[in-house]
Student: 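Structure in structure tokens, see below.
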Amino acid sequence: MMNAVITSATINCNSLSPSWTCGDNSPSKLLLGEISAALSRRRTVKVSCGKSSPDDYHSTLKSLNSRGRFPRKSLGQHYMLNSDINDQLASAADVKEGDFVLEIGPGTGSLTNVLINLGATVLAIEKDPHMVDLVSERFAGSDKFKVLQEDFVKCHIRSHMLSILETRRLSHPDSALAKVVSNLPFNISTDVVKLLLPMGDIFSKVVLLLQDEAALRLVEPALRTSEYRPINILINFYSEPEYNFRVPRENFFPQPKVDAAVVTFKLKHPRDYPDVSSTKNFFSLVNSAFNGKRKMLRKSLQHISSSPDIEKALGVAGLPATSRPEELTLDDFVKLHNVIARE
């Protein structure tokens, strides 16, 4: 792919739509001033880009201002100002004509616009009622868009998706699994990952824009480090994760304190999950092991079996009797669980 140079830009009040009033004390003036200041601080950054989207940062900012809205910190709202990043998110998921895509937190609809233009049908889940009204109005003329006002981490997304996919398959018997593409509110990233990855019977790919540090912890943790946690076992149990690229913080409004990154989770179908006798019991063992992270497994798993029995199971699984949880890979935990389950 070729490289594009994204530079700082200025906004001319005279060129804006009537909704962008520039009176000295108006909320629009305050928002516009903050936006201009943010953009003027942006350093030139290089991003790899494909086909450019007609939806640029001007439309995102106009949408925010059209209802006098300010991004809400409590909802983790940071809006993308670089349309090339939205193009790359869609490209990472290989979104094409006829795909069904779930988007979490569509905001002003800049990424939604890219997905629909590629021929996808989009179901958006948005908690903020003001943003629900905005995207509902923006895509009112499209039959490829539906938005639900719900808190994603509390909604019954599996029920929603099964109902939708069942209806789609009546008219499109060969329709593929759905995909997830989202510029995710940072404050719910871990919860979203835990909810989505076990849905390999519904989704084929989950492509998320996350905090860069969180992305690295989720995708590239090292054994024997404090960053290695139960969620890393969960991620590799249900998916094949890939860190795609970093997104500098200057591409967002308001500008967050950290950079972001795009991560792709290629979901495994349930038939391809590691062979364990009980998924529920497997993750119970993993969580118990990490609850005593500094302890040897023969100590932290004593509520499951006696210390001598745990030592014996470790030996049968080919692991040292002194093993600690941060030293075990996914395969190691699978072997240990199956040995204990047989006893």
Side-chain angles (χ1 to χ4, degrees), residues 153 156-159 161-162 177 180 188-206 208 210 214-242 263-343:
V153 298
H156 301 288
I157 191 59
R158 174 174 284 278
S159 298
M161 290 302 304
L162 287 175
L177 296 176
V180 180
I188 62 170
S189 59
T190 300
D191 290 335
V192 169
V193 167
K194 289 179 178 179
L195 284 169
L196 289 176
L197 296 200
M199 297 188 189
D201 57 329
I202 295 175
F203 302 109
S204 59
K205 281 187 177 181
V206 174
L208 304 176
L210 310 169
L216 289 170
R217 287 197 301 269
L218 294 177
V219 178
E220 300 179 358
L223 290 175
R224 301 179 179 85
T225 69
S226 60
E227 303 298 337
Y228 191 60
R229 299 170 296 156
I231 193 170
N232 301 119
I233 303 297
L234 180 144
I235 287 171
N236 286 283
F237 188 98
Y238 289 116
S239 74
E240 297 173 6
E242 179 183 358
V263 174
T264 297
F265 301 93
K266 183 180 178 183
L267 268 56
K268 299 175 184 177
H269 192 276
R271 62 175 172 266
D272 298 320
Y273 294 163
D275 186 14
V276 295
S277 58
S278 166
T279 302
K280 180 179 179 180
N281 290 342
F282 171 76
F283 284 109
S284 177
L285 180 147
V286 170
N287 289 326
S288 294
F290 278 90
N291 281 339
K293 191 168 184 177
R294 299 299 179 186
K295 296 180 180 180
M296 296 181 189
L297 292 171
R298 64 189 184 194
K299 297 291 186 182
S300 58
L301 298 180
Q302 282 184 350
H303 67 290
I304 294 176
S305 191
S306 67
S307 182
D309 286 343
I310 296 296
E311 283 193 31
K312 179 181 177 182
L314 287 165
V316 174
L319 299 168
T322 57
S323 292
R324 289 179 168 83
E326 69 268 23
E327 299 171 342
L328 271 61
T329 65
L330 168 63
D331 288 343
D332 292 334
F333 272 112
V334 169
K335 291 176 184 176
L336 178 60
H337 169 267
N338 288 339
V339 170
I340 293 175
R342 287 196 302 266
E343 293 180 350

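For reference, positions follow the sequence shown, starting with 1.
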Student: What's the verdict on side-chain contact (heavy atoms from CB on, under 4.5 Å) for Met199 and Val180, showing C-alpha distance, side-chain angles and the deciding distance?
Tutor: CA-CA 11 Å; Met199 297 188 189; Val180 180; over 6 Å; no

Student: What are the two closest non-hydrogen atoms of Leu314 and Pro320, and how far apart are they?
Tutor: CD1-O, 3.7 Å

Student: Determine whether Ile340 and Ile310 make a side-chain contact, defined as any pair of heavy atoms from C-beta on separated by less than 4.5 Å.
Tutor: yes

Student: Taking all heavy atoms of Asp201 and all of Pro270, pick out the closest pair and write down the distance.
Tutor: N-CD, 3.7 Å

Student: Could you give the distance from CE (Met161) to CG (Leu196), rounded to the nearest 0.5 Å?
Tutor: 9.5 Å

Student: Taking only residues at least two apart or on different chains, which pairs with a member in residues 331-340 satisfy salt bridge (Lys or Arg N to Asp or Glu O under 4.0 Å)?
Tutor: none

Student: Among all residues two or more places apart in sequence or in another chain, which pass the side-chain hydrogen bond (donor to acceptor under 3.5 Å, both in side chains) test with Ser288?
Tutor: His303

Student: Might you work through the side-chain contact (heavy atoms from CB on, under 4.5 Å) test for Leu336 and Leu301, ending with a clear yes or no?
Tutor: CA-CA 11 Å; Leu336 178 60; Leu301 298 180; 4.3 Å; yes

Student: With sequence neighbours excluded, what pairs up with His156 under the side chain to side chain contact (heavy atoms under 4.5 Å, CB included) test?
Tutor: Ser159

Student: Quick check: closest heavy atoms across Leu177 and Ser204, and the distance to 0.1 Å?
Tutor: CB-N, 3.9 Å

Student: Just to verify, what does Thr225 make a side chain to side chain contact (heavy atoms under 4.5 Å, CB included) with, not counting sequence neighbours?
Tutor: Ala222, Glu227, Tyr228

Student: Please list all pairs meeting side chain to side chain donor-acceptor pair (under 3.5 Å) that have one or both residues in residues 309-318, counting only residues at least two apart or in different chains.
Tutor: Arg298-Glu311, Ser305-Asp309, Ser306-Asp309

Student: Table please: side-chain donor-acceptor pairs of residues 230-238 below 3.5 Å, with sequence neighbours left out.
Tutor:
residue : atom : partner : partner atom : Å
Asn232  : OD1  : Arg229  : N            : 2.8
Asn232  : ND2  : Arg217  : O            : 2.8
Asn232  : ND2  : Leu218  : O            : 3.3
Asn236  : ND2  : Asn232  : O            : 2.8

Student: Quick one: side-chain hydrogen bond (donor to acceptor under 3.5 Å, both in side chains) partners of Ser239, sequence neighbours excluded?
Tutor: none

Student: So do Leu208 and Ser189 actually touch side chain to side chain, heavy atoms under 4.5 Å?
Tutor: no

Student: Please list, chain by chain and in numerical order, all residues satisfying side chain to side chain contact (heavy atoms under 4.5 Å, CB included) with Arg271, sequence neighbours excluded.
Tutor: His269

Student: Suppose the criterion is salt bridge (Lys or Arg N to Asp or Glu O under 4.0 Å): which pairs have a residue in residues 313-327, not counting sequence neighbours?
Tutor: none

Student: Given side-chain contact (heavy atoms from CB on, under 4.5 Å), test Leu319 with Leu328 step by step and report yes or no.
Tutor: CA-CA 9 Å; Leu319 299 168; Leu328 271 61; 3.9 Å; yes

Student: Could you tell me which residues satisfy side-chain hydrogen bond (donor to acceptor under 3.5 Å, both in side chains) with Asn291, sequence neighbours excluded, listed by chain and number?
Tutor: none

Student: What's the shortest heavy-atom distance between Phe265 and Pro241, and which atoms?
Tutor: CD2-CB, 3.8 Å

Student: Throw together a table of side-chain donor-acceptor distances under 3.5 angstrom for residues 275-285, partners on residues two or more places apart or in other chains.
Tutor:
residue : atom : partner : partner atom : Å
Ser278  : OG   : Asn281  : N            : 3.1
Ser278  : OG   : Asn281  : ND2          : 3.4

Student: Taking side chain to side chain contact (heavy atoms under 4.5 Å, CB included) as the test, write out the residues that go with Lys266, two or more places apart.
Tutor: Glu240

Student: Measure the shortest side-chain to side-chain distance between Val263 and Glu220 over non-hydrogen atoms and say whether it is less than 4.5 angstrom.
Tutor: no

